[in-house]
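Have a look at the structure below before the remarks.
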Amino acid sequence: MINSHRQGMTTTITSVEAILVDLPTIRAHQLAMATMQQQTLVIVRLRCSDGVEGIGEATTIGGLSYGDESPEGIKLTIDTYLAPALAGQDATNVHGAMARLGKVARGNRFAKSALETALLDAQGKRLGVPLATLLGGAVRSTLPVLWTLASGDTARDIAEAEQLLAERRHHTFKLKIGRRSVRDDVAHVAAIKRALGERARVTVDVNQAWNEADAATGIAMLEAAGIDLIEQPTPREQRMALARLAARFVVPIMADEAVCGPEDAMELARIGGADVFALKIAKAGGIFGMLRTAAVGDAAGIALYGGTMLEGSVGTIAAAHGFCTLPQLAWGTELFGPLLLKDDIVQQRPEYRDFSLHLPEGPGLGLALDEDKLAHYRRG
Ligand code: MUC
Ligand code: MG
């Protein structure tokens, strides 16, 4: 290795391409802050001097309504700043390449996550091992996956849940609330929980829509209705509100928008701000950032949950490799993104059965792009 470096044979990054891909959803997906009719993926192709190509994905929800980065902004950031910084760098040194990105860009975690995935995918393919093996090895090969009921219609949500239970695809359902009054939202959730009873676990995600008083009222009613988990009821900046709610109620409170990386996790752990952390590779700037966030949760006795930015197959499988290596993942995952999309840009869609996502076994991510589909759905 040292010799090949001396002889100038380092495997380098030769080009990075960021592609916007617009895919239609199977139905409208209603969240507190946006209604999605389609999803925009930012797909990264990272080519190396040994002919290996790695792929990655950065995806967000509802333009700028969920996070700090938009799909168009992510592409601009990669094209203008991050791709030039990577050109000529050692493709086999993922930490080295990411440290360089950390110097040229302060934030931009979503963009960095896509590039880190592409570097890891390339390195896995180069060495002939799955991405999870590069991380030290998977402790599980399947991940429990819930489904989000968010059609906006109670009867339709119940019918959807019944069908998915019958197909043995999901037995946990997350309801997106926060658009309507607290009373209307609770009535909607309680009706679904009543219909499903003990056959399903029901959780809610408020996506920061409530103030603390509304949250106290709403959570008391949701707890009485048998709801299992309350996700991000109040604004992400108001950490003490989250801490007071976590202290007040028995039903676990999960931080999502409030916990991006290990620093947020430290602060929330210090103030008792959450019972559960929703981990996402995009929020944490990549798989390694997600693992560091998880480690803080572990040390603080906070339960973990594998979250999604509703990525397509590339981002979903990248997260899955990371989540499969976690010592504890008490609340399972919501890695259902590819199932919300009508079509895909990979040759073999991820496998969902028996309430779980099954990790692919091939090298790197274990995925291959479908060039025709990519050409069809890419923007412009
Ligand atoms: C979020 O806020 O958790 C995850 C599932 C879903 O439907 O939306 C997301 C984002
Ligand atoms: Mg959430």
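Indexing begins at 1, ligand by ligand and atom by atom, following the structure's order. All values reported here derive from a predicted model rather than from experimental measurement.
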*Would you call Glu162 and Arg199 a salt bridge, taking side-chain N to carboxylate O under 4.0 Å as the test?*
yes
*Is it the side chain, the backbone, both or neither of Met33 that has a heavy atom closer than 4.0 Å to ligand 1?*
neither
*Atom indices of ligand 1 within 4.0 angstrom of Asp256 heavy atoms, with elements*: 1 (C), 2 (O), 3 (O)
*Who's closest to atom 3 (O) of ligand 1 heavy-atom-wise, of Met254, Gln232, Lys174, Met309?*
Lys174
*Write the atom name of the N, O or S atom in Glu231 that is nearest the Mg ion (ligand 2).*
OE2
_Under 4.0 Å to a heavy atom of Thr148 - the qualifying atoms of ligand 1, by number_ = 5 (C), 6 (C), 7 (O)
*Are Lys75 and Glu72 close enough for a salt bridge, meaning some N to O gap below 4.0 Å?*
no
_Among the N/O/S atoms of Asp205, which is closest to the Mg ion (ligand 2)? Give the atom name._
OD2
*Identified salt bridge (Lys or Arg N to Asp or Glu O under 4.0 Å) counterpart of Lys174 within the set Asp205, Asp256, Asp228, Asp157*: Asp205
*For ligand 1, which atoms sit closer than 4.0 Å to a heavy atom of Lys280?*
1 (C), 2 (O), 3 (O), 10 (C)
*Compute the shortest N/O to N/O distance between Glu257 and ligand 1 and return yes if it is under 3.5 Å, no if not.*
no
*asked:* Suppose I only count heavy atoms of Asp205 and a 4.0 Å limit; which atoms of ligand 1 are within that range?
replied: 1 (C), 2 (O), 3 (O)
*Treat each ILVMFWY residue as a node, draw an edge where side-chain heavy atoms are under 4.5 Å apart, and state whether Val346 and Val52 are in one component.*
no
*May I ask you to identify the nearest protein heavy atom to atom 7 (O) of ligand 1, giving residue, atom name and distance to one decimal place in Å?*
His29 NE2, 2.8 Å
*Output yes when the distance from some N or O of ligand 1 to some N or O of Tyr66 is under 3.5 Å, and no in every other case.*
no
*Look at atom 4 (C) of ligand 1 and say which protein heavy atom is nearest, naming residue and atom and giving the distance to 0.1 Å.*
Glu334 OE2, 3.3 Å
*Glu17/Arg47 ion pair, N-O < 4.0 Å*: yes
*Do Phe336 and Trp147 have ring centres separated by under 6.0 Å?*
yes
*Subset of ligand 1 atoms that lie under 4.0 Å from at least one heavy atom of Glu231*: 3 (O)
*Do Glu351 and Arg353 sit within salt-bridge range, that is, some charged N less than 4.0 Å from a carboxylate O?*
yes
_Just to confirm my output: which protein heavy-atom neighbour is closest to atom 2 (O) of ligand 1, and how far is it?_
Asn207 ND2, 2.8 Å
*asked:* Name the residue from Arg236, Arg106, Arg109 that meets the salt bridge (Lys or Arg N to Asp or Glu O under 4.0 Å) definition with Asp68.
replied: Arg236
*Can you pull out the closest protein heavy atom to atom 10 (C) of ligand 1? Residue, atom name and distance to 0.1 Å, please.*
Ile61 CD1, 3.3 Å
_Shortest protein heavy-atom distance from atom 9 (C) of ligand 1, along with the residue and atom involved_ = Lys176 NZ, 3.6 Å
*Between Glu53 and Lys125, is there a salt bridge with N-O shorter than 4.0 Å?*
no
_Per-atom contacts of ligand 1 with Thr308, taking only distances under 4.0 Å to non-hydrogen atoms_ = 4 (C), 5 (C), 9 (C), 10 (C)
*Return the name of the atom in Asp256, of element N, O or S, nearest to the Mg ion (ligand 2).*
OD2
*asked:* Check this for me, if you would: do Lys373 and Asp344 make a salt bridge, where the nitrogen-to-carboxylate-oxygen distance has to be below 4.0 angstrom?
replied: no
*Would a distance-only check, ignoring hydrogens and angles, find a side-chain to backbone donor-acceptor pair under 3.5 Å from Thr80 to Thr77?*
no
